[in-house]
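Contents: one structure, followed by commentary.
Sequence lines set the chain letters: A, B, ... in the order given, protein chains first and strands last, and positions in each chain run from 1. Because only heavy atoms are used, hydrogens play no part in the values below, and waters and symmetry mates are left out as well, while side chains stay in.
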Number of protein chains: 2
Amino acid sequence: MPVANVTTIQDVARHAEVSASTVSNVLNGRGDRMRPETRERVQAAIAALQFRPSKLAQQLKTGQTPLLGLLVPSMANPMYGFIAREVESCAQERFGLRLLIGSTYRDAAKEAAFFEDMLAHGVRRVIVISSLAEERHLESAVERGMAVMSYDRRATPGQPSAVGHVTPDNFEAGRLATAHLVAHGHRRLAFVTVAGMTMSRRDKMAGFHAAATAAGLAGSAKVLDGGPLDEYGDSVIAEVGRAMGLQLAADPERPTGLVALNDLMALGLMAGLREGGVAVPRQVSVVGIDGLFLAALSNPGLTHVQLPIREMAQAMVEAIAGEGAPPPEQIFRQVRLVERASVAAPPQ
Amino acid sequence: MPVANVTTIQDVARHAEVSASTVSNVLNGRGDRMRPETRERVQAAIAALQFRPSKLAQQLKTGQTPLLGLLVPSMANPMYGFIAREVESCAQERFGLRLLIGSTYRDAAKEAAFFEDMLAHGVRRVIVISSLAEERHLESAVERGMAVMSYDRRATPGQPSAVGHVTPDNFEAGRLATAHLVAHGHRRLAFVTVAGMTMSRRDKMAGFHAAATAAGLAGSAKVLDGGPLDEYGDSVIAEVGRAMGLQLAADPERPTGLVALNDLMALGLMAGLREGGVAVPRQVSVVGIDGLFLAALSNPGLTHVQLPIREMAQAMVEAIAGEGAPPPEQIFRQVRLVERASVAAPPQ
DNA sequence: ATGAAAGCGCTAACAT
DNA sequence: ATGTTAGCGCTTTCAT
């Protein structure tokens with residue numbers, strides 16, 4: 001089956017009574033190489049025929065595709081939707097790049113397949129939000145000619161990497177959230193997470209422990225590990241939170257101050273606690289991490305640590321769309337606590 | 001700059017000591033045209049060199065791109081994230097199609113630019129969630145060789161369309177939500193929406209009015225129109241809801257039963273009402289439309305009309321990826337009310 | 001059973 | 001100032 005009824009550079013050339021190269025020249029900003037009159041004729045022909053040069057053919061020739069790959073755990077997770085929005089608008093407005101998006105559901109095979117496909121599609125820049133322990137596949141993508149940026153991971157120390165890394169200061173985010181609880185008088189603290197360890201989770205937990213230790217609470221601070229995420233990946237994280245909230249509600253020895261892995265988890269936690277008859281923040285305080293706009297809508301409003309999503313998205317796009325190797329590691333430290341109503345003093 | 005260090009069909013041919021056409025033949029399931037021994041040599045070479053045929057070149061030749069365009073108002077809106085997830089997984093698993101996504105922020109120029117780009121990229125199938133009044137640009141995309149599916153719009157009656165339409169039964173959704181309020185004894189009803197009319201909003205409102213009329217409430221039922229959405233499009237819809245909730249809270253004559261345009265609006269409404277000191281559902285009842293998982297997390301849990309998102313997503317992908325013209329209109333009638341806790345009897 | 005050749009739509013030397 | 005040519009990586013007749 002032939003390509004659709006699209007006009008080609010030849011059609012334009014014929015219409016303007018010039019050669020294809022002349023058309024190509026005006027297309028590529030070399031209009032000064034010809035008589036103004038010719039240029040105008042060509043431009044008129046382009047307009048008349050509604051000609052848009054095929055990116056396919058351009059790519060085949062130049063090896064460059066104006067496409068950016070974005071790999072997220074799940075598009076149904078509002079957090080990634082938010083990041084995707086920022087990535088897209090920056091990529092589009094500043095660099096004229098379109099977005100080719102994929103969800104991995106945190107599955108290594110899906111992630112690998114995505115990279116294969118990107119390569120085959122001629123996509124040479126990709127941003128990955130991965131939770132895989134290994135980063136070898138990313139390095140190998142770079143070796144195959146890609147520019148890749150990894151979000152929410154640190155560069156492996158001592159191991160020079162061709163992969164760029166952008167991450168919020170997860171340690172500080174965890175610390176800030178925990179310190180806020182401590183400041184309100186909480187002595188029984190827990191960090192609530194899902195099964196499976198990622199680098200960013202580890203950092204948030206380290207921040208949690210650091211704050212607890214600083215308050216002399218090292219002994220009592222604990223980590224609560226929810227169930228694993230099912231095939232659907234990330235939107236179920238709230239379900240896990242809800243189940244844990246329910247479970248905590250039934251436990252008279254439960255912690256009074258909870259730091260959630262992220263806002264979705266926090267929202268789920270609050271729902272579970274409430275269902276279990278426990279009042280937030282009167283009986284239990286909860287703080288989230290992320291900065292989802294949804295946190296402002298919850299009841300009580302969720303106190304959380306806001307991450308500089310837009311800045312990070314822009315940094316990733318710039319690093320990947322610009323020339324030269326991306327910086328191996330950029331840590332965004334502008335994390336700040338947004339107080340709402342989910343934190344109060346613990347019950348006496 | 002040349003294409004990256006990628007192996008081509010020529011490399012494979014050389015490695016296997018055959019011609020490129022032979023390699024192409026094994027690639028395209030014509031392995032029976034040669035000696036098994038040859039085939040094996042080729043396959044070994046493919047594996048050894050990690051060869052993936054360039055989709056670019058294939059496309060240029062065949063005119064087919066295994067890419068699906070998806071145009072949404074905003075990826076930051078969880079509803080569209082959810083739809084995108086379903087579209088992606090169906091497109092990928094069943095048809096091997098990758099997703100090229102774009103946000104329009106309900107802007108006609110951005111929408112047009114997206115279509116231009118898709119065309120230039122050789123993308124021949126696109127799913128659009130548009131709120132533009134006109135559908136001419138879609139028809140013209142079809143004329144230019146695209147298969148296009150439109151979500152949440154009806155086909156214009158009497159006007160044969162090459163564009164396929166998939167939509168939930170918005171009328172029934174609005175009716176169901178309203179009837180639920182009526183069944184709980186509400187007599188002062190309002191449909192709460194944002195500025196700007198779309199086809200689906202009109203249908204939901206019609207359902208609202210039909211239910212109100214059936215209950216003898218035609219006179220008192222009213223439509224409340226919030227502010228316009230700013231550049232960011234859709235995530236601010238919750239903000240509009242919040243502002244309206246606040247406003248309603250201050251109005252002693254306010255309706256007691258609210259049908260929100262969608263779940264995000266409903267969530268915002270509840271937050272605004274609460275901030276204004278009005279209790280949901282004791283003083284005001286709220287019902288949403290969509291079926292966001294977030295509705296289960298709110299406090300009180302949001303009663304809403306669930307739309308068959310997955311089914312619709314699959315239908316769109318199948319219509320567009322299959323052969324032949326897409327059906328001009330498919331209305332999905334499996335809308336159902338999910339009861340939670342945001343509806344109760346009105347205050348006496 | 002296999003290969004040579006043409007061509008998809010474009011770009012960029014290199015002529016003229 | 002403009003045209004000719006070669007070629008990007010692949011598919012597909014058509015020869016051999």
Which listed nucleotide ([options]) is nearest to the side chain of [X]?
X     : options               : value
A:S19 : D:dA1, D:dT4, D:dT11  : D:dT4
B:T62 : D:dG9, D:dT11, C:dA1  : D:dT11
B:S54 : C:dT2, D:dC10, C:dC10 : D:dC10
B:T22 : D:dA1, C:dG3, D:dT11  : C:dG3
A:L60 : D:dG9, C:dA1, D:dG7   : D:dG9

#### Entry: Side chain proximity check, B:F51 to B:H15, heavy atoms < 4.5 angstrom
no

Whole-Å distance separating the [atom1] atom of [X] from the [atom2] atom of [N]:
X      : N      : atom1 : atom2 : answer
A:Q59  : C:dC10 : CD    : P     : 12 Å
A:Q10  : D:dT5  : CD    : P     : 13 Å
A:E40  : D:dT2  : CD    : C1'   : 17 Å
A:R52  : C:dG9  : CZ    : P     : 17 Å
A:D11  : C:dG9  : CG    : P     : 8 Å
A:Q64  : D:dG9  : CD    : P     : 14 Å
B:L49  : D:dC10 : CG    : P     : 12 Å
B:H121 : C:dC8  : NE2   : P     : 22 Å

Need one value for [X]: base, sugar-phosphate or nothing, where a base atom within 4.0 Å counts as base even if backbone is also close, heavy atoms only.
X     : value
A:S21 : base
A:V18 : sugar-phosphate
A:R30 : sugar-phosphate

### Task
Could you pick out which residue, B:L56 or B:N25, lies toward the 5' side of DNA chain D when each is mapped onto its nearest nucleotide?
B:L56

### Message
Any carboxylate oxygen within less than 4.0 angstrom of a Lys/Arg side-chain nitrogen, looking at B:R41 and B:E17?
### Response
no

### Task
Answer yes or no: is there an ion pair linking A:R136 with A:E134, defined by an N-O contact shorter than 4.0 Å?
no

### Message
Using a 3.5 Å distance criterion without hydrogens, assess whether the side chain of B:T65 forms a donor-acceptor pair with backbone atoms of B:L67.
### Response
no

If you compare every side-chain N and O of [X] against the phosphate oxygens of [N] (OP1, OP2), does one of them come in below 4.0 Å?
X     : N      : result
B:Q58 : D:dT11 : yes
B:R33 : C:dT2  : no
B:T8  : D:dG9  : no
B:T38 : C:dT2  : yes

### Summary
When rounded to the nearest 0.5 Å, the distance separating CZ of A:R153 from CE of A:M199 is 4.0 Å

### Task
Look at the side chain of B:K61 and the base of D:dG9, then say whether one donor and one acceptor between them are separated by less than 3.5 Å.
no

### Message
For a side-chain contact (heavy atoms from CB on, under 4.5 Å) check, start with the C-alpha distance between A:T104 and A:F114, then their side-chain angles and the critical distance, and finish with the verdict.
### Response
CA-CA 8 Å; A:T104 59; A:F114 185 79; 5.7 Å; no

